[in-house]
Amino acid sequence: MKWGYGSKSRCRQSSVVAVAEETEGIDEGLVESCWANLPLELLREVLMRIEDIESKWPLRKSVVACSGVCRSWREIMKELVKTPEVSGKLTFPISVKQPGPRDTLLQCFIKRNQTTQTYHLYLSLTQALADDGKFLLAARKYRRATCTDYTISLDANEMSKGGGTCIGKLRSNFLGTKFTAYDSILPYAGAKLVKSRSTRLVGSKQMNPRVPAGNYEVAHISYELNVLGARGPRRMHCVMDAIPASAIKPGGIAPTQVDFLMDNSGSSLPMRFLRSKSSRLEKSSSGPIETQREGSLVLKNKAPRWHEQLQCWCLNFHGRVTVASVKNFQLVASPENGAAGPEHEKVILQFGKVGKDMFTMDYRYPLSAFQAFAICLSSFDTKIACE
């Protein structure tokens, strides 16, 4: 059965969205009997239309609402909603752990609160440098005697170290020149689990024993020593442990998480958002295996040029950055002893200041929003020996 674009089609579509929003949050067992017997062909056609039309936030909340009606609706929506790499859209919370689009930069911005030492990441809804945005992630800074920790959470109001919505963290050394980003859930096959007393800071809830929670290293970020700025702007070096170097080549693949995992009780930190009972990780022959065999992707600063008239170092952010700052940067893939190709000229992540406590963050494949956010958080930390 094919649905046209007439008034009846729009009416039925609106009815489905209304039902989804009204039943969101109701016990699944109460809804299952009402909608499980709806013809799948008809249901799929309607949900497909909703997914296609409601393409931007805040309208995209209808897609999320439909996935929470009952099991059959959810399974169909999981098939219809593509990853950010394919669709360029961030829909479910798991999207922040998936690589961004290949052909365009996904535009986001970060709001800093210096009083509370918190940082909030939003998806840009318009071409403006700052709008209301769609909340994605939050982070809180914790100073210690020998290091600094940033906990990263799915909840804007819950960023405690052992919180149920904490999905990762960033830790610096004493000088703030070296950082390690950790994922609380196994990001790819063979990922290194760091066992230490600090492991409890992330993913403190007991997870599925088949895929244990903990601190999995996903990135190492370092800043070259540059006392008093004698060597020019900051120089960054990022080793992405979770991404193979081959990912940026044509046909390359980066590991992609497809669901958050559950604990033995049937719920986990992101389940209040996704309500999904799947604990799968997408595995590809050229994803996790290549990461270990070929080596990891390395990112470096795109070299700025010296502007004689302005007497400063400049980069072309295409209007996305308006305030000069030592924190501004663009990252590209490093050839690492190989010949540089077109893929090494493409900006993968750019970050820059547009206001006192407002910064833009634009990223693309093979980085995820979570990985990009962690790298940008490292730029906020004070680096006496690097500037």
Side-chain angles (χ1 to χ4, degrees), residues 20 24 47-48 50-68 74 77-111 119-139 152-156 165-168 181 183-185 187 218 242-243 254-260 269-276 278 281-282 320 347-351 359-377:
E24 187 178 19
L47 295 182
M48 185 183 300
I50 294 173
E51 200 284 330
D52 182 57
I53 294 178
E54 312 291 352
S55 60
K56 295 182 179 180
W57 289 95
L59 296 178
R60 199 147 182 80
K61 66 182 181 181
S62 299
V63 177
V64 179
C66 287
S67 68
R74 180 169 59 245
M77 292 309 299
K78 286 170 63 177
E79 295 177 10
L80 296 179
V81 177
K82 305 302 181 183
T83 63
E85 177 188 348
V86 177
S87 66
K89 304 172 186 175
L90 298 178
T91 305
F92 301 118
I94 191 61
S95 299
V96 300
K97 289 289 193 76
Q98 298 173 335
R102 286 180 179 263
D103 300 325
T104 60
L105 286 167
L106 206 53
Q107 296 183 344
C108 307
F109 62 92
I110 298 173
K111 290 183 179 180
Y119 307 83
H120 292 79
L121 175 66
Y122 298 85
L123 175 68
S124 296
L125 302 182
T126 67
Q127 292 300 316
L129 293 178
D131 51 37
D132 293 336
K134 168 67 177 73
F135 171 77
L136 298 178
L137 292 169
I152 303 175
S153 172
L154 286 169
D155 193 327
T165 56
C166 187
I167 60 170
D183 196 328
S184 64
I185 301 174
V218 293
I243 304 175
T256 303
Q257 296 184 33
V258 295
D259 260 323
F260 287 110
L269 57 97
M271 289 306 122
R272 67 181 68 173
F273 297 91
L274 279 183
R275 302 185 199 151
S276 171
S278 173
L281 278 175
E282 186 177 67
R320 290 286 293 165
V347 174
I348 294 177
L349 170 64
Q350 67 178 23
F351 171 79
F359 303 80
T360 56
M361 185 198 88
D362 304 336
Y363 74 99
R364 73 166 82 227
Y365 181 91
L367 290 185
S368 66
F370 167 73
Q371 294 164 338
F373 189 40
I375 294 174
C376 292
L377 287 174

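Keep in mind that what you see is a predicted model, and the values were worked out from it rather than measured. Hydrogens, waters and symmetry mates are skipped; everything else that's a heavy atom, side chains included, is used.
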Where is the tightest heavy-atom contact between [X] and [Y], given as atom of each residue plus distance?
X: Cys66; Y: Ile50; answer: SG-CD1, 4.0 Å
X: Cys376; Y: Phe351; answer: SG-CD1, 3.5 Å
X: His120; Y: Ala156; answer: NE2-O, 3.3 Å
X: Pro99; Y: Pro366; answer: CB-O, 3.7 Å
X: Leu121; Y: Ala369; answer: CD2-O, 4.3 Å

Find the distance between [atom1] ([X]) and [atom2] ([Y]) and round it off to the nearest 0.5 Å.
X: Met361; Y: Leu377; atom1: CE; atom2: CG; value: 9.5 Å
X: Met48; Y: Glu79; atom1: CE; atom2: CD; value: 9.5 Å
X: Leu80; Y: Ser67; atom1: CG; atom2: OG; value: 11.0 Å
X: Thr104; Y: Tyr363; atom1: OG1; atom2: OH; value: 10.0 Å
X: Gln257; Y: Thr83; atom1: CD; atom2: OG1; value: 13.0 Å
X: Ser368; Y: Phe373; atom1: OG; atom2: CZ; value: 12.0 Å

Is there a donor-acceptor pair under 3.5 Å between the side chain of [X] and the backbone N or O of [Y]?
X: Thr126; Y: Ser124; result: no
X: Trp57; Y: Leu90; result: yes
X: Thr360; Y: Arg320; result: yes

Exercise for the section: Would you please indicate if the ring centroids of Phe109 and Phe359 are separated by under 6.0 Å? Expected result: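 Ring centres of Phe359 and Phe109 not closer than 6.0 Å.
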
Exercise for the section: With side chain to side chain contact (heavy atoms under 4.5 Å, CB included) as the test, would you mind laying out the steps for Arg364 and Leu106 before giving the verdict? Expected result: CA-CA 6 Å; Arg364 73 166 82 227; Leu106 206 53; over 6 Å; no

With the side chain counted from C-beta on, respond yes when [X] and [Y] share a heavy-atom pair under 4.5 Å apart, and no when they do not.
X: Leu154; Y: Val96; value: yes
X: Leu349; Y: Ile375; value: yes
X: Cys166; Y: Ile152; value: no
X: Gln350; Y: Val347; value: yes

Handout entry: side chain to side chain contact (heavy atoms under 4.5 Å, CB included) between Glu51 and Val81, worked out
Key = CA-CA 7 Å; Glu51 200 284 330; Val81 177; 3.8 Å; yes

Exercise for the section: Mind running side chain to side chain contact (heavy atoms under 4.5 Å, CB included) on Ser55 and Lys89 for me, showing each step along the way? Expected result: CA-CA 8 Å; Ser55 60; Lys89 304 172 186 175; 3.8 Å; yes

Exercise for the section: Check whether NZ of the Lys or CZ of the Arg Lys111 lies under 6.0 Å from the centre of the six-membered ring of Tyr119 and within 45 degrees of that ring's axis. Expected result: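 Output no; distance or angle outside limits.
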
Exercise for the section: Please lay out, stage by stage, how Leu105 and Ile348 fare under the test side chain to side chain contact (heavy atoms under 4.5 Å, CB included). Expected result: CA-CA 8 Å; Leu105 286 167; Ile348 294 177; over 6 Å; no

May I ask you to check whether [X] and [Y] show a side-chain donor-acceptor distance below 3.5 Å?
X: Asp183; Y: Gln371; result: no
X: Thr91; Y: Arg60; result: yes
X: Gln107; Y: Asp362; result: no

